[in-house]
Amino acid sequence: MGPHPAVAAIRLAVRRVLHDVLNEHSTTTTAAADGGEPPLVLVACSGGADSMALASALAFEARKLAVRAGGITIDHGLQPGSDLRAAEVASRLAALRLDPVEAIPVTVGRDGGPEAAARDARYAALDEAAERLGAAAVLLGHTRDDQAETVLLGLARGSGIRSLSGMAAVSGAADRYRRPFLQLDRQTARKACLVQSLPVWDDPMNADPAYTRSRLRHEGLPALEKSLGKGVVEALARTAQLCRDDADALDTWAAQADATVRDDAGLLECAKLYTLPPAVRRRVLRRAAIAEGAPAGSLFARHIEELDRLITSWRGQGAINLPGRVVARRQGGRLVIRQG
């Protein structure tokens, strides 16, 4: 008799990712052939159902493959006793025979609001740990439900199809982050923990209505399902993938177009930019601003719209100030973007 369907599903999802990591590792190193260590794959675990299910699947599958498996838990320090909670999660990971296992404390700033600040601190710590430990990949427990929430949050921001494309299955520097569960629902992960008798900690912040994502999870999505019927989560996740495919294609088009709209000195020619489709032109403008030092995370749709008006609605307007002390102006039929 095989494992419970939920357990089989999470293991299959992780197995596929580990095979990808192994294939990539074999093409970039000869360490295994030379008797070196197999690649290290870490799981980022909060102690919640999604990440505990992921940790259990990694521990199981890694033993069958040439993969070392470890775990990282982050102590955000936002609640009393968070250090004890992180230590408890670390002990659970060690009980799954993951090694190395670390509990890492971080300091959460205030930029962008509490949710964004916690996320920034968390990823910075994961990046540092992955670099220090030489990890080939870090697994994240985001599910299809998380993807649906991300799409709705992107829709509310009105930032275009890149926001609607949600979270990528593979992302980060050197494709470090992998999300095996994006095609699985949250209930499958929770069921897998239940049938394996894995202890689960439900972060009270996930139910706190002070946080946007929490309100969306407990109020917004249930209301949509009540109005539109079941299947909303699946449809939103499918929308994310379709939008990601479109956004990737447009980004490629923009990268190719970039070279065709510059003069011999490398300046952007406004007349040539004007002939591009708006979606491609705005991407060229965004690329140019980032290349001159504008932080990608602070460059919003309104900034790109202002840049675009220098091309499409030129009325002699003055320079535009962009994040990162970058200044853009139109001069002699050229768009000049420079550090101010």
Exercise. Without hydrogens or angle criteria, can the side chains of Ser26 and Asn23 be said to hold a donor-acceptor pair below 3.5 Å?
Worked result: no
Exercise. Are Leu133 and Val67 connected in a single hydrophobic cluster, I mean Ile/Leu/Val/Met/Phe/Trp/Tyr linked by side-chain heavy atoms less than 4.5 Å apart?
Worked result: no
Exercise. Given the rule in the side chain to side chain contact (heavy atoms under 4.5 Å, CB included) test, do Thr188 and Thr143 qualify, once you have shown the distances and angles that lead to the verdict?
Worked result: CA-CA 9 Å; Thr188 296; Thr143 64; over 6 Å; no
For this session: For Thr73 and Cys45, indicate whether the former's side chain and the latter's backbone hold a donor-acceptor pair under 3.5 Å.
Result: yes
For this session: Using modelled atom types only, decide if a donor and an acceptor are shared between the side chain of His303 and the backbone of Phe300 within a distance under 3.5 Å.
Result: yes
Problem set entry | Pairwise distance OG1(Thr212) to CG(Leu152) - rounded to 0.5 angstrom | 12.5 Å
Exercise. When you measure from the side chain of Asp258 to the backbone N and O of Ala255, does any donor-acceptor pair fall under 3.5 Å?
Worked result: no
Exercise. Is the backbone N or O of Ser165 less than 3.5 Å from a side-chain atom of Arg244, with the two atoms forming a donor-acceptor pair by type?
Worked result: yes
Problem set entry | Test side chain to side chain contact (heavy atoms under 4.5 Å, CB included) applied to Ile311 and Leu268, step by step | CA-CA 10 Å; Ile311 309 300; Leu268 293 166; over 6 Å; no
Exercise. So, do Leu322 and Leu307 sit near enough that their side-chain heavy atoms are less than 4.5 Å apart?
Worked result: yes
Exercise. Going only through I, L, V, M, F, W and Y residues with side-chain contacts under 4.5 Å, is there a path from Val280 to Leu299?
Worked result: yes
Exercise. Ala118 and Val108: which non-hydrogen atoms are nearest, and at how many Å?
Worked result: N-CG1, 3.6 Å
For this session: Verify, without hydrogens or angle tests, whether Asp145 (side chain) and Arg186 (backbone) share a donor-acceptor contact under 3.5 angstrom.
Result: yes
Exercise. Would Arg122 and Asp127 count as a salt bridge (charged side-chain N to carboxylate O under 4.0 Å, His left out) if you check the C-alpha gap in whole Å, the side-chain angles of each, and the deciding distance to 0.1 Å?
Worked result: CA-CA 9 Å; Arg122 179 167 60 253; Asp127 280 336; over 6 Å; no
Problem set entry | Candidate pair Glu306 and Arg309, rule salt bridge (charged side-chain N to carboxylate O under 4.0 Å, His left out), full reasoning | CA-CA 5 Å; Glu306 289 182 37; Arg309 280 194 285 271; 5.0 Å; no
Seminar exercise, completed: Residues Ala257 and Leu276: closest non-hydrogen pair is CB-CD2, 4.1 Å
Seminar exercise, completed: Closest non-hydrogen atoms of Ser298 and Pro323, given as atom of the first, atom of the second and distance, are O-CG, 3.1 Å
Exercise. Hey, are the side chains of Ile320 and Arg329 touching, using non-hydrogen atoms and a 4.5 Å cut-off?
Worked result: no
Exercise. Is the closest basic N to carboxylate O distance between Glu88 and Arg92 below 4.0 Å?
Worked result: yes
Exercise. When you look at CZ of Arg97, are more than 12 heavy atoms from neighbouring residues, nucleotides or ligands closer to it than 6.0 Å?
Worked result: no
Exercise. Can you tell if the side chain of Pro105 reaches within under 4.5 Å of the side chain of Asp83, non-hydrogen atoms only?
Worked result: no
For this session: Tell me, with the steps shown, if Leu58 and Leu18 meet side chain to side chain contact (heavy atoms under 4.5 Å, CB included).
Result: CA-CA 9 Å; Leu58 173 61; Leu18 293 185; 3.9 Å; yes
Problem set entry | Crowding at CD, Gln183 (>12 non-hydrogen neighbours, <6.0 Å) | no
Seminar exercise, completed: Rounded to the nearest 0.5 Å, the SG atom of Cys243 sits from the CG atom of Leu155 at a distance of 9.5 Å
Exercise. Arg178 pairs by side chain to side chain contact (heavy atoms under 4.5 Å, CB included) with which of Val14, Asp20, Val43?
Worked result: Asp20
For this session: Check the pair Leu194, Lys191 against side chain to side chain contact (heavy atoms under 4.5 Å, CB included), reporting the backbone distance first and the verdict last.
Result: CA-CA 5 Å; Leu194 179 64; Lys191 186 67 173 178; 4.1 Å; yes
For this session: Identify the two heavy atoms, one from Val284 and one from Leu273, that lie closest to each other, and give their separation to 0.1 Å.
Result: CG1-CD2, 3.9 Å
For this session: Please answer whether the main-chain N or O of His76 pairs with a side-chain N or O of Ser82 as donor and acceptor at a distance below 3.5 Å.
Result: no
Exercise. Taking everything shown except Lys64 itself, do over 12 heavy atoms lie less than 6.0 Å from its NZ?
Worked result: yes
Exercise. Are any of the side-chain heavy atoms of Val7 and Phe60 separated by less than 4.5 Å?
Worked result: no
Exercise. Salt bridge between Asp202 and Arg190, side-chain N to carboxylate O under 4.0 Å?
Worked result: yes
Problem set entry | Any Glu131 side-chain heavy atom under 4.5 Å of Arg176 side chain | yes
Problem set entry | Min side-chain heavy-atom separation Arg334-Glu269 under 4.5 Å | yes
Exercise. Should Ile337 and Trp314 be counted in the same cluster of Ile, Leu, Val, Met, Phe, Trp and Tyr side chains packed under 4.5 Å apart?
Worked result: yes
Exercise. Do any N or O atoms from the side chain of Gln147 and from the backbone of Met167 form a donor-acceptor pair under 3.5 angstrom?
Worked result: yes
For this session: May I ask you to test the Leu198-Leu96 pair for a side-chain heavy-atom distance under 4.5 Å?
Result: yes
Seminar exercise, completed: What one should report as the nearest heavy-atom pair of Ile72 and Ile74 is CG2-CD1, 3.8 Å
Exercise. Would you say Arg179's side chain and Ala168's backbone share a donor-acceptor pair under 3.5 angstrom?
Worked result: yes
For this session: Determine whether the side chains of Arg213 and Thr150 contain a donor N or O and an acceptor N or O closer than 3.5 Å.
Result: yes
Seminar exercise, completed: Taken to the nearest 0.5 Å, the spacing of Leu224 CG from Glu219 CD works out to 12.0 Å
Exercise. Cluster question for you: counting only ILVMFWY and a side-chain heavy-atom cut-off of under 4.5 Å, with indirect links fine, are Val101 and Leu126 together?
Worked result: no
For this session: Would you mind checking if Glu305 and Arg302 are paired as a salt bridge, meaning a charged N to carboxylate O distance below 4.0 Å?
Result: no
For this session: Look at Asp251 together with Arg283 and state whether they make a salt bridge at an N to O cut-off of under 4.0 Å.
Result: yes
For this session: Please examine the side chains of His142 and Leu182, heavy atoms only from C-beta on, and report whether any two atoms are closer than 4.5 Å.
Result: yes
Problem set entry | Residues Arg217 and Asp146 bridged, charged N to O under 4.0 Å | yes
For this session: Could you state whether Leu22 and Leu98 fall into the same hydrophobic cluster, counting links through intermediate Ile, Leu, Val, Met, Phe, Trp or Tyr residues with side-chain heavy atoms under 4.5 angstrom apart?
Result: yes
Exercise. So, does Glu61 use its side chain to make a donor-acceptor pair with the main chain of Ala57 at under 3.5 Å?
Worked result: no
For this session: Check Ala129 against Ile104 and note the closest heavy-atom contact, atom names and distance.
Result: CB-CD1, 3.8 Å
Problem set entry | Within 6.0 angstrom of Arg110 CZ, more than 12 heavy atoms from elsewhere | no
Problem set entry | Point-to-point distance, once rounded to the nearest 0.5 Å, from CG of Leu65 to CZ of Arg15 | 8.0 Å
